[in-house]
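A short worksheet on the structure shown next.
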Protein chains: 2
Amino acid sequence: MSERVATGESAEMYLKAICELMTTDPLVPISSLADRLGISVVSATEMVHRMRDQDLLEHKRYKGVRLTEEGRRGALDIIRRHRLWERFLVDKLKLPWEVSHDLACQLEHATGAEVVEAMATFLGEPTHCPHGNPIPTPDGTMTFRPGLSLETLKPDENCIVLRIRPETNAALSYLASHGMMPGVQVIVKSINAFDHLWTLEIGGQEEILSKAMVSRVVVQLVDDPTEDQEVEKEHV
Amino acid sequence: MSERVATGESAEMYLKAICELMTTDPLVPISSLADRLGISVVSATEMVHRMRDQDLLEHKRYKGVRLTEEGRRGALDIIRRHRLWERFLVDKLKLPWEVSHDLACQLEHATGAEVVEAMATFLGEPTHCPHGNPIPTPDGTMTFRPGLSLETLKPDENCIVLRIRPETNAALSYLASHGMMPGVQVIVKSINAFDHLWTLEIGGQEEILSKAMVSRVVVQLVDDPTEDQEVEKEHV
DNA sequence: ACGAGTTATAAGGTTAACCTTATAATAAAT
DNA sequence: ATTTATTATAAGGTTAACCTTATAACTCGT
């Protein structure tokens, strides 16, 4: 993770986007990529070709795109830079949790290895970003804390938020405004199967969220559901 | 100094360069500009035209370029961002003094007002960069500590280094390797008028520097030249 | 006041990263 | 198996920021 692998800011954005979209399927359709980056499919295809020529990825026609080992290294490098900047912005500069993502997007492209590693030391080698996602190590490893999607829970189940994912500013702001952030306790109150609305108790407050939002939250079950109030005190 | 005035990284570099070259003459020839930015005169001229159309500067044919009020504001904004990043890199990340300039050049373009001001607070509202140059205030003021060029001194004169200027990585590294940095005491030992070499005592070490390098150092005279050793202890 | 040297402009080229519109190839679903 | 929807490619355009080479305009020193 020492020398920069991608040429240009743009390629870095592509690598990061592919990495994020990879979680559902390792083969990422160019259309999803274009969609996420807010550019046309034609432009994305062009860029994919350029990146294929640089051995950053493979392209299976009509199927999608998959990172090569070199591409994966580059992607993790950028994600490391990104998440370290997020930690800095939140922990040191006390900037709001929700805006740190977009601000880090600017900074991540302007940071070489020397600065990133000095930052990591300065921040105390953090392992997770403020949104709960793991920070890749310099040797290219990224391990998620085991958890399950909030949408798999049933009413009355009790959990702690591990992370929000994928990270986009709009979603982060929205969830933050409902108190949804890593470390917070959530209890499923009821699920309306008809219009897909979830009523949740988030850190003691009752909130209603759509299934789409609920599906972005990864949690860890709290096995001991004796008295809600008691458990809450333990964990918040 | 809130909203960004310049379009693109490149324009920001031009503004900064003009501001630095302005110190000798308020009318900066395009050729000097091109020289400093390491680009062709034709390209610099093109860019100057674009920036003139954006009212960032005026161009007096065959004379040079002068910043408008808007351009000046933009330039000071970038210089503020740049010098705050330098302080961060040196003070917090403990990166070497000489490399901080180039690293800050990357970061300065990736930082909006919110981050810069949060940084300033975090750093304790510093007034000078690690090379001794003043950090502009958010309202667009920049005041130099009064000083004189080291090249105006005579043998046996005694001074403290205030700043190095203009900042370029090569010059900073070179001067740093000879112990020349703000706060250090310098005594002029002898000046060879023939090949323009200056023999100096820099922080107790005898060093030889060219006139070109000496001219980049701004100092403050030490009025009390009783016993060199004594004075040194007071000031280092 | 003229010629050397500087400065500006004109003309045409390059690259990266985007765009639109139109057509062709393939996958998936009836 | 054929239609529909997705995906890819072809063709041509745009913008910012650079480049070179050539020519024109101007300044300044003698």
Side-chain angles (χ1 to χ4, degrees), chain A residues 4-18 21-22 24-67 71 74-75 78 105-106 108-110, chain B residues 4-18 21-22 24-67 71 74-75 78 105-106 108-110:
Chain A
R4 213 85 150 248
V5 77
T7 17
E9 275 193 26
S10 201
E12 296 188 341
M13 295 297 274
Y14 278 77
L15 286 181
K16 209 172 52 151
I18 294 167
L21 294 169
M22 234 167 48
T24 31
D25 190 329
L27 224 38
V28 177
I30 293 189
S31 50
S32 320
L33 198 50
D35 202 56
R36 162 152 271 244
L37 294 169
I39 59 177
S40 78
V41 177
V42 178
S43 301
T45 308
E46 269 181 14
M47 189 54 161
V48 159
H49 289 340
R50 266 177 246 136
M51 292 173 74
R52 181 197 48 201
D53 296 345
Q54 295 179 259
D55 282 317
L56 294 172
L57 48 79
E58 293 161 26
H59 179 210
K60 297 242 189 272
R61 278 161 138 255
Y62 298 100
K63 291 300 170 67
V65 137
R66 165 184 282 127
L67 293 182
I78 295 148
C105 270
Q106 306 295 119
E108 69 193 13
H109 306 294
Chain B
R4 213 84 150 249
V5 77
T7 17
E9 276 194 25
S10 201
E12 296 188 341
M13 296 297 274
Y14 278 76
L15 286 181
K16 209 172 50 152
I18 293 167
L21 295 168
M22 234 167 50
T24 31
D25 190 329
L27 225 37
V28 177
I30 294 190
S31 48
S32 321
L33 197 52
D35 203 55
R36 162 151 272 242
L37 293 169
I39 59 178
S40 78
V41 178
V42 178
S43 301
T45 308
E46 268 181 13
M47 189 55 159
V48 159
H49 289 341
R50 266 176 246 137
M51 292 173 74
R52 181 196 51 200
D53 296 345
Q54 295 179 260
D55 283 315
L56 294 171
L57 46 81
E58 293 162 25
H59 179 210
K60 298 243 189 268
R61 279 159 138 256
Y62 299 100
K63 291 300 169 68
V65 137
R66 165 184 283 129
L67 293 181
I78 295 148
C105 271
Q106 306 295 119
E108 70 194 14
H109 306 295

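Labels below follow one simple rule: chain letters A, B, ... track the order of the sequence lines, proteins then strands, and each chain is numbered from 1. Values reported hereafter were calculated over all heavy atoms of this structure, with side chains retained and with hydrogens, waters and symmetry mates removed.
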Review point. Does the A/T45 side chain pair with the main chain of A/V41, one donor and one acceptor, at a distance under 3.5 Å?
Key: yes
Revision key, fill the gap. Correct closest heavy-atom pair for A/A34 and A/A44 would be CB-CB, 3.8 Å
Would you say that [X] contacts [Y] through its side chain, given a criterion of any heavy-atom pair below 4.5 Å between the two side chains?
X	Y	value
A/E58	A/R52	no
B/K63	B/P29	no
B/M51	B/L15	yes
B/I30	B/V65	yes
A/M22	A/L67	yes
A/E108	A/M13	yes

Review point. Once you round it to whole Å, what is the distance between C1' of D/dC26 and NE2 of B/H59?
Key: 12 Å
Check your understanding: Taking CG from A/D35 and C1' from D/dT7, how many angstroms apart are they, rounded to a whole number?
Key -> 14 Å
Exercise for review: Apply side-chain contact (heavy atoms from CB on, under 4.5 Å) to B/A110 and list each qualifying residue two or more places apart in sequence or on a separate chain.
Suggested key: A/Q106, A/L107, A/A110
Exercise for review: Identify, with sequence neighbours excluded, every residue that meets side-chain contact (heavy atoms from CB on, under 4.5 Å) alongside B/R36.
Suggested key: B/A17, B/E20, B/L21, B/P166, B/T168
Measure all distances between protein nitrogen or oxygen atoms and nitrogen or oxygen atoms of nucleotides 1-6 of chain D, and list the pairs falling under 3.5 Å.
none

Check your understanding: Is it true that B/K16 and B/E12 make a salt bridge, defined as a side-chain N closer than 4.0 Å to a carboxylate O?
Key -> no
Check your understanding: Base, sugar-phosphate alone, or nothing: which one does B/R61 contact when heavy atoms must sit under 4.0 Å apart?
Key -> sugar-phosphate
Revision key, fill the gap. Under a 4.0 Å heavy-atom cutoff, the residues of residues 8-17 of chain B touching DNA chain D are B/S10, B/Y14
Point to revise | B/R50 vs B/L56, side-chain contact (heavy atoms from CB on, under 4.5 Å): CA-CA, chis, key distance, verdict | key: CA-CA 9 Å; B/R50 266 176 246 137; B/L56 294 171; over 6 Å; no
**Study point:** Bounds of contact between DNA chain C and chain B, in 5' to 3' order, using a heavy-atom cut-off under 4.0 Å
**Key:** C/dT7 to C/dA10
Check your understanding: What residues in residues 40-48 of chain A put a non-hydrogen atom under 4.0 Å from any atom of DNA chain C?
Key -> A/S40, A/V42, A/S43, A/E46, A/M47
Exercise for review: Decide side-chain contact (heavy atoms from CB on, under 4.5 Å) for B/Y14 and B/I78; before the verdict, give the C-alpha distance in whole Å, the side-chain angles of both, and the deciding distance to 0.1 Å.
Suggested key: CA-CA 11 Å; B/Y14 278 76; B/I78 295 148; over 6 Å; no
